[in-house]
Structure formats: structure tokens, C-alpha cells
There are 2 protein chains.
Amino acid sequence: MTETAPRPTLEAVAARAGVSRATVSRVVNGGDGVRDPLVERVRRAVDELGYVPNQAARSLVTKRHDAVAVVVAEPETRVFADPFFALQLRGISKELTAHDNQLVLLLTEGRDDHARVGRYLAGGHVDGALVFSLHLDDPLPGLIRRAGVPTVFGGRPGWSDGDGDSDGGDVVYVDSDNRGGARDAVRHLVGLGRTRVAHITGPLDQTSAADRLDGFRDVMPDADPRLVVPGDFTPAGGERAMRGLLDHCPDVDAVFAANDLTAAGALRVLREHGRRVPEDVAVIGFDDMLAVTEQTDPPLTTVRQDIEEMGRLMARLLLRGLDRRTAEVPGATRSGVVLPTTLVRRASA
Amino acid sequence: MTETAPRPTLEAVAARAGVSRATVSRVVNGGDGVRDPLVERVRRAVDELGYVPNQAARSLVTKRHDAVAVVVAEPETRVFADPFFALQLRGISKELTAHDNQLVLLLTEGRDDHARVGRYLAGGHVDGALVFSLHLDDPLPGLIRRAGVPTVFGGRPGWSDGDGDSDGGDVVYVDSDNRGGARDAVRHLVGLGRTRVAHITGPLDQTSAADRLDGFRDVMPDADPRLVVPGDFTPAGGERAMRGLLDHCPDVDAVFAANDLTAAGALRVLREHGRRVPEDVAVIGFDDMLAVTEQTDPPLTTVRQDIEEMGRLMARLLLRGLDRRTAEVPGATRSGVVLPTTLVRRASA
DNA sequence: TCGCCTTCCGAGAGCGCTCTCACGCCGGTC
DNA sequence: GACCGGCGTGAGAGCGCTCTCGGAAGGCGA
């Protein structure tokens with residue numbers, strides 16, 4: 001923990017280059033309006049001294065921080081028992097880095113933390129926030145909105161539809177096309193000639209789960225209600241649901257599971273019961289978590305979403321809102337952008 | 001993106017409370033040496049105005065940031081296709097939050113990024129760094145050391161042993177007891193009466209993999225060399241290794257796999273070949289990634305490490321080094337702390 | 001050649017905070 | 001009753017930067 005030598009200041013660079021502080025500042029910040037030879041001299045001085053601007057001093061006057069908060073609520077980190085979290089973060093990180101922004105990570109658990117996050121965001125320590133909050137009843141989005149910080153949500157927040165309140169801030173979010181992906185999956189099953197197609201849902205207080213159910217219903221508006229059974233995005237939930245399904249609808253010949261973990265559970269129960277996949281029952285998941293889809297027996301057909309791209313887009317959208325000279329985001333409406341999904345065919349359907 | 005009203009300053013609070021800036025500052029920072037009635041008045045003013053200190057201004061003079069960087073190298077995020085990353089981060093986050101520090105996340109990929117991270121750390125934007133870097137040849141640790149930022153490593157860096165160079169900074173790290181855990185696993189197999197115990201290693205340029213191999217050798221110093229086969233921490237690697245093992249040592253009766261994914265691959269090949277687990281071949285993994293260990297057939301016996309605690313300890317160690325009034329870390333040597341592992345018995349061994 | 005406009009650079013104020021220092025006031029001592 | 005010590009408070013400098021503004025220098029038309 002040795003103390004480092006005092007770092008060079010603008011003043012020092014100016015002295016060495018034989019110019020004023022202002023000129024050095026100009027060069028450091030782009031160098032417009034400074035004649036070439038001077039620019040050159042300043043650059044050299046900067047290099048020689050190893051000058052790095054003091055961000056605190058800069059923020060103090062510019063009121064910008066070049067930092068963005070990423071807020072992840074506790075339940076998410078649980079859900080993210082898969083590469084989801086890491087990938088999204090990676091996308092965000094790449095985009096932020098490309099625009100010289102730092103990523104401040106805020107993990108929350110429990111109500112107290114919400115207050116803390118609210119205070120932090122309201123405290124003006126960051127220029128904006130990227131927020132993950134899948135649950136309908138999550139107080140976080142409200143808090144954050146009130147904090148008055150530019151925000152982009154990951155996943156459609158529960159109240160973004162039909163809310164349209166007049167407090168100014170449009171809700172900006174990035175989501176993947178859960179509904180469309182679900183439709184593709186179910187259509188694929190129908191295309192396979194299946195007639196008794198079941199759906200194991202996710203927790204319906206999450207918009208992603210609700211949207212996938214909607215997609216299922218789009219294709220199967222008249223589905224036997226017993227073919228729609230609740231799950232919870234876990235393998236155990238998938239097992240439970242599948243058992244119930246086999247009990248009440250033994251003639252089921254296809255299952256669209258709300259996610260891959262659920263599908264994995266269902267697969268296990270099907271094998272237990274001697275049903276062949278996909279011959280007797282075809283199965284499709286959602287997410288394409290490789291750790292799961294490639295390891296199941298048989299390998300799982302599923303709906304893939306481009307997680308990393310979601311992260312990248314969130315960051316881009318936010319930065320755009322922050323009025324940086326950032327490339328326009330194609331397909332972005334005022335309220336958000338929905339990324340397409342693709343069906344990945346493996347052996348299970 | 002509405003502009004928020006200008007936030008109140010110390011000055012404003014002082015005016016409202018009828019005291020000087022200095023007094024408000026004192027109260028905000030603990031209130032020592034200020035008489036009670038005044039403290040009360042200041043507190044009220046702070047509340048009424050919703051005053052939040054401007055961190056930038058504060059940092060500018062204190063030269064502290066109450067922020068810590070977490071540096072994760074690209075290969076890690078790949079490895080972290082499991083809750084590892086999220087859990088560790090959670091532990092870190094909790095500890096930092098408890099001490100009012102922010103977490104700045106730095107994800108790197110490729111050489112350019114190394115330079116960027118080096119610059120950032122050297123730039124004095126954070127008080128310290130937590131670094132994950134498992135590979136022996138990673139240039140990151142060196143860069144970071146040179147940046148002169150207090151650092152704690154996650155996982156023993158390759159060069160921490162026998163290096164003992166004189167550049168001042170002792171290498172502080174937190175790791176789990178890979179070697180001891182491996183010993184426990186292998187001893188368990190031996191205790192089961194197995195005599196032909198194989199080991200599928202991880203990539204040996206990672207200290208965790210090397211340590212696990214060492215642990216294996218501790219118990220089986222005279223193992224048939226053909227029983228030690230290379231893997232790469234992936235299921236595919238596990239499959240490949242297991243196939244080779246069955247080819248060359250068909251009498252193998254136990255496998256200690258370097259991690260759970262590897263074990264999952266091995267398990268699949270064993271089933272393919274009609275070997276019963278654990279009757280014919282007992283299998284043990286490492287990590288206890290629940291998504292894997294509870295899903296394999298049969299459920300995997302494995303060595304568990306307390307990931308979240310690792311993260312928490314890293315943060316605590318760093319904060320301690322930063323000379324905050326932080327609780328002492330029991331069992332921490334100057335160079336780091338090694339957390340115990342526990343054998344979790346399931347059905348596979 | 002003169003004046004005017006443009007371009008480039010430097011002086012200086014000030015962002016919001018901390019912290020040192022000096023001063024005022026109090027009680028206690030001789 | 002004069003003096004001293006200590007505690008509590010305020011004044012003010014200054015952290016390192018940006019940015020406005022004014023002045024110097026140079027180019028061009030008349």
C-alpha cells in the first residue's frame with residue numbers, strides 16, 4: 001500500500017509545455033482550436049509526465065461523471081444462475097467502454113437497499129442507470145423514476161403498457177421478443193403435426209413469462225386449459241408441472257416450456273415415464289442456455305435470444321439519451337426496442 | 001431526461017441552519033466536536049433540503065473515492081458460465097455496501113483492454129482493486145501491480161509462490177482450498193475401496209486446476225500415469241477424457257473430475273458405455289454448481305466452496321488494507337486467506 | 001496603409017467540498 | 001479579579017479542472 005508519488009496536474013503539464021492550463025485542457029479534450037505545433041508540444045508533455053486527468057475535478061465543474069449505474073435486484077441474481085447476467089453485463093460493458101463510460105454496479109437485496117439505491121441515484125453520482133427488474137410489483141422502477149435519473153430498463157417493466165402517465169419520463173426498455181419467440185416455438189410444434197401442445201409457464205408476475213404465455217395463446221387460442229400449467233423457471237417446477245400434465249392429459253404430445261431449465265425438468269420426468277422425446281412428446285425450451293440445452297438428453301430445441309446484444313443496446317440507448325454524439329439505434333422507438341429471437345433446432349423437437 | 005433542479009450545497013445548508021460551512025461539514029462527517037443543539041439544527045436543515053454531499057468535490061480534496069474496481073478478465077466471464085461470477089460479485093457487493101463503497105466493474109477482453117484497465121487504475125479513480133485472473137501468463141496482475149493500486153486477487157495468482165520479489169507489494173489473495181478439497185475427494189474414493197482412481201484435470205495453466213491435481217497426487221503419489229488425463233473444465237473435455245480413460249484403462253473404478261462440468265461429461269460417457277455409477281465407477285466433481293450437480297444422473301457428489309464468502313473476504317481484505325476502521329479478518333495472513341471446502345455427498349460416489 | 005474580422009491563446013473565476021488555523025468564550029486556578 | 005487552557009466555531013485557502021472572456025496576432029479588402 002505504498003503511497004504513489006503525487007500525480008501530475010494540468011498545471012505541471014502546462015509548465016512543461018510552456019503553455020497555459022487552458023491550452024492543455026483544450027488539447028486533452030480534443031484539441032480543437034489549437035495550432036498543430038502547440039498540440040504536439042502538449043501531447044509530448046502529457047506523455048512524458050504520464051498525465052491522467054483527475055476525474056473528480058473534472059466532474060466538479062462539468063457535472064458529468066461518464067459513469068452509468070447498473071442496478072440488479074436480488075431476485076435477478078438468483079435467476080441469473082446462468083450466463084444471462086454475465087452476458088448482458090458484457091454487452092453493457094463493451095458499449096460503455098467504447099464511449100469511455102464507467103460501469104458502477106449496484107446489487108440490491110431487500111427494501112433497505114432500495115432506499116440506498118434510490119439515494120445513490122438521486123445523489124447525482126452517475127449520469128444514468130440501467131435497471132433490471134422483472135417483477136411486476138418491484139418498487140425499484142418507481143423509486144428510480146422519482147430519482148430523476150435517465151434510465152433504460154432491461155426487460156419490459158410491468159407497468160410500461162397502458163400507463164402513459166404524464167410525469168414526463170417515457171419508459172425506455174430493451175427486451176427480446178418473448179411473445180414472437182413463443183409463437184415460433186409453438187408453430188414449430190404444430191408444424192410437426194402435434195395436436196396436444198402443452199405450455200409450462202414461468203412465474204407470471206414476470207413480463208417475460210407472461211409474454212411467452214401470450215405467444216402460446218396467439219397460436220393456440222383454443223387450447224385445452226388443462227394443457228397450460230404453471231411453472232417457475234426452475235427444473236423442479238418443470239418436473240412438477242410435467243407430472244401433473246401426464247396425470248391429467250396423458251395424450252399430450254408436445255411441450256413448450258417457458259425456459260430451458262423448466263424443459264430440462266420436464267425432460268427428466270418424461271424419461272422417467274418411458275415417453276420418448278421427440279417421438280412421443282416433442283419439447284421446446286426458451287433462452288438457449290448452452291450449459292443446459294446441449295447437456296440434456298436429447299439436446300434441447302429452444303428459442304435463442306441475443307443476450308449480449310440486449311446489454312449493448314441498453315447502454316447505447318442510455319448514452320443516446322444522455323445526448324452524447326452516439327450512433328443512432330436502429331429500430332428504437334421512444335419507448336424501447338424489442339430484439340428478435342431465433343428458433344434453434346436440436347433433437348428434442 | 002428532464003434536468004433536475006440544482007442540488008443544494010453545503011453553503012445552502014449552512015445558511016439555513018445559521019452556521020458556517022465548516023460546521024455543516026463536521027456534522028455531515030460524524031459530528032464530532034459540535035455541540036448537540038447545533039448538530040440538531042444542521043441535521044434538520046440537511047433533511048429539509050434533501051442535501052446529499054457532492055462526491056466529486058469531496059474526492060477532489062480528500063483524494064479518496066470510496067470506490068473499488070472489480071476487474072474481471074474475459075476468459076473468466078467465459079468460465080463463469082455458472083453462478084460463480086454472480087455469487088462472488090454478490091459477496092463483494094455486500095461487503096462494499098456495508099462500508100459505503102461503490103463497485104466499479106471493469107470487464108476486459110484482449111490486450112488493448114489491459115492497457116485501458118491499467119490506465120484507469122493508475123489514474124487514481126478508485127481506492128483499490130479486486131482482480132480475478134486465473135491464468136499463469138496473464139499480464140494483468142503485473143500491470144495492476146505497477147499501477148500501484150492496493151489490490152486483492154481472487155484465486156491464487158500463478159506467480160505468488162516463490163516469487164517474493166522486492167517491489168514492496170505483497171500479493172494478497174483469497175482462494176478456496178483446492179488442494180485440500182481434492183485430497184478430501186480422492187480420500188473419499190479410496191475409502192470406498194476404489195483402487196483405480198483416475199483424475200481428469202482442468203487447464204493446468206490455471207492455479208485452481210493445478211492445485212486440484214496436486215491434491216490428487218498428495219493422496220495417490222504412485223498413481224498410474226495413464227489415470228491422469230487432461231480436461232479443460234468443459235463437458236466436452238470431460239467426455240473426451242473419459243473416452244480415453246475407458247480405452248486405455250478399462251479397469252478404472254473411480255474418477256475425480258477437476259470440476260462439475262467435466263464430471264457431467266464423464267458421467268454421460270460412462271452411461272453410454274453401460275458403466276453404472278457409482279457401482280462400477282464412482283465419480284466426484286468440484287465446485288458444486290447446483291445447476292449441474294443436482295441435474296446429473298445420478299446426482300453428483302462434489303466438493304463445495306463458499307463462493308460468496310470468497311467475494312466478501314476479498315472486499316474485507318482490501319478495505320482493511322485501505323486503512324478503514326474495518327473488522328480484522330480472522331485467519332488472514334499477509335499474503336491472503338484460503339477458505340475451506342467441504343465434500344458434498346450425493347449419489348455418484 | 002489602415003481597419004476590421006477571425007483565429008488562437010492566456011488570465012482568472014469558480015465548481016463544492018475539507019481542513020487548518022485563529023479567535024472567542026467559557027470555567028477554573030492562584 | 002486577572003490569567004490561562006481548552007473547547008467550539010468561523011474564516012479562508014485551496015484541491016484540479018473547465019470555460020468564459022478579453023486581448024494579441026494575423027489575414028484580407030478597400
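Each chain gets a letter, A, B and so on, in the order its sequence line appears, and its residues count up from 1.
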Verdict with reasoning, Tyr120(B) to Gln55(A), per side-chain contact (heavy atoms from CB on, under 4.5 Å): CA-CA 10 Å; Tyr120(B) 182 77; Gln55(A) 183 61 39; over 6 Å; no

side-chain contact (heavy atoms from CB on, under 4.5 Å) evaluation trace for Thr108(B) with Val72(B): CA-CA 6 Å; Thr108(B) 76; Val72(B) 183; over 6 Å; no

Check against side-chain contact (heavy atoms from CB on, under 4.5 Å), Val71(B) and Leu140(B): CA-CA 9 Å; Val71(B) 183; Leu140(B) 208 50; 3.7 Å; yes

side-chain contact (heavy atoms from CB on, under 4.5 Å) between Tyr173(B) and Leu317(B), worked out: CA-CA 9 Å; Tyr173(B) 68 88; Leu317(B) 235 36; over 6 Å; no

What does the list of N/O pairs under 3.5 Å between the protein and nucleotides 11-13 of chain D look like, with a distance for each?
{"residue": "dA13(D)", "atom": "N6", "partner": "Arg21(B)", "partner atom": "NH2", "Å": "2.8"}

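Considering only side-chain atoms of Leu38(A), the nucleotide from dC9(C), dC15(D), dT18(D) that sits closest is dC9(C).
Legend: residues meeting salt bridge (Lys or Arg N to Asp or Glu O under 4.0 Å) with Arg312(A), ordered by chain and number and at least two apart, are Glu308(A), Glu309(A). Partners of Tyr51(A) under the ring-ring contact (aromatic ring centres under 6.0 Å, His included) rule, at least two apart in sequence or in another chain, do not exist in this structure.
Residues from residues 117-125 of chain B that place a heavy atom under 4.0 Å from any atom of DNA chain C: there are none. Near-neighbour residues of DNA chain C inside residues 45-61 of chain A, defined by a heavy atom below 4.0 Å, number-ordered: Leu60(A), Val61(A).
Ionic pairing of Arg44(A) and Asp47(A) is not present here: no N-O contact between side-chain nitrogen and carboxylate oxygen is shorter than 4.0 angstrom.
Asp127(B) contributes no side-chain N or O that, together with a main-chain N or O of Arg64(B), makes up a donor-acceptor pair within less than 3.5 Å. The main-chain N or O of Ala67(A) is never found under 3.5 Å from a side-chain atom of His125(A) such that the two would form a donor-acceptor pair.
Inter-axis angle, ends of the helix from dT1(C)-dA30(D) to dC30(C)-dG1(D), five pairs per end, rounded to 10 degrees: 50°.
Counting heavy atoms from C-beta on, the side chains of Val19(A) and Leu38(A) come closer than 4.5 Å. A heavy-atom distance below 4.5 Å is found between the side chains of Leu87(A) and Arg90(A).
Along DNA chain D, the nucleotide nearest to Thr23(B) and the one nearest to Val24(A) differ in position, and the one closer to the 5' end is contacted by Thr23(B).
Glu11(B) has its CD atom 12 Å from the C1' atom of dC15(C), to the nearest Å.
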